[in-house]
Amino acid sequence: RLQLRIIHTPRSRSVRIIVFYLGFGKRMEWIFAKPKQAQQGQSILIIAGVFVALVGMVGLAIDGGGLLLLRRDTQNAADAAVVAAAYARCVGGDFVSAGEMTAADNGFHNGMDTVQVHITEVTPEYDPAGTSQRVYVKVSMRAEKTKYFIGLIYQDALTVTSSAVASCNRGFNPSAY
């Protein structure tokens, strides 16, 4: 047989549970201390803080990795577009449309899906105008990434900007090669 006694002692703020095994002469005793009133609800704040930190880390891993991937893709597309634009500029073609078509071939269509492609002819500071036969073409690309987890914490847009500059000589003759 089993006999169970629960003893509450208000002074010590604890509960004793005493179990007697009748017939065997053995006694087991557990003492459970009641939590103090000031500490109730403290664990929910800790759990909420850990949850926010965990979502932030998952967001950084997933969205940060996607941002690095988008940065690599936009830089590759900008490099290809600037080579095509510089070649078209050297042979007398439309360098803006050549660069935009090459960027579109690499998956970045100008004006679609928050993608901007700017192709301009530039003169760098180290090569003053009129002192060289070189023509410089600059391609700048800007693209936005879709947010997944990081949108819970970071509200601004995730944007990536890449640029590339290429040059050629005005006297370039492609048929000579």
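Computed from a prediction, not measured in an experiment: that's the story for all the values here.
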Looking at [atom1] of [X] and [atom2] of [Y], how far apart are the two atoms once the value is rounded to the nearest 0.5 Å?
X	Y	atom1	atom2	value
Glu144	Gln116	CD	CD	8.5 Å
Lys145	Leu67	NZ	CG	7.0 Å
Thr146	Leu70	OG1	CG	9.0 Å
Asn106	Gln75	CG	CD	12.0 Å
Asp105	Glu100	CG	CD	12.0 Å
Asp94	Ile119	CG	CD1	9.0 Å

Would a hydrophobic clustering, with Ile, Leu, Val, Met, Phe, Trp and Tyr connected at side-chain separations under 4.5 Å, put Met141 with Leu158? yes
Residue pair [X] / [Y]: nearest heavy atoms and the distance that separates them:
X	Y	value
Asp79	Ala164	OD1-CB, 3.4 Å
Ala85	Phe95	O-CB, 3.1 Å
Lys138	Ser163	CE-CB, 4.2 Å

Regarding Ser162 and Thr74, is there a side-chain donor-to-acceptor distance under 3.5 Å anywhere? yes
Sequence neighbours excluded, the answer for salt bridge (charged side-chain N to carboxylate O under 4.0 Å, His left out) partners of Lys147 is none
Step by step, would you call Tyr148 with Val58 a side chain to side chain contact (heavy atoms under 4.5 Å, CB included)? CA-CA 10 Å; Tyr148 297 108; Val58 167; over 6 Å; no
Apply side chain to side chain contact (heavy atoms under 4.5 Å, CB included) to Val117 and Val115, showing your working. CA-CA 7 Å; Val117 179; Val115 173; 4.2 Å; yes
Evaluate Arg142 against Thr159 for side chain to side chain contact (heavy atoms under 4.5 Å, CB included), listing each step before the verdict. CA-CA 7 Å; Arg142 183 174 185 264; Thr159 59; 3.4 Å; yes
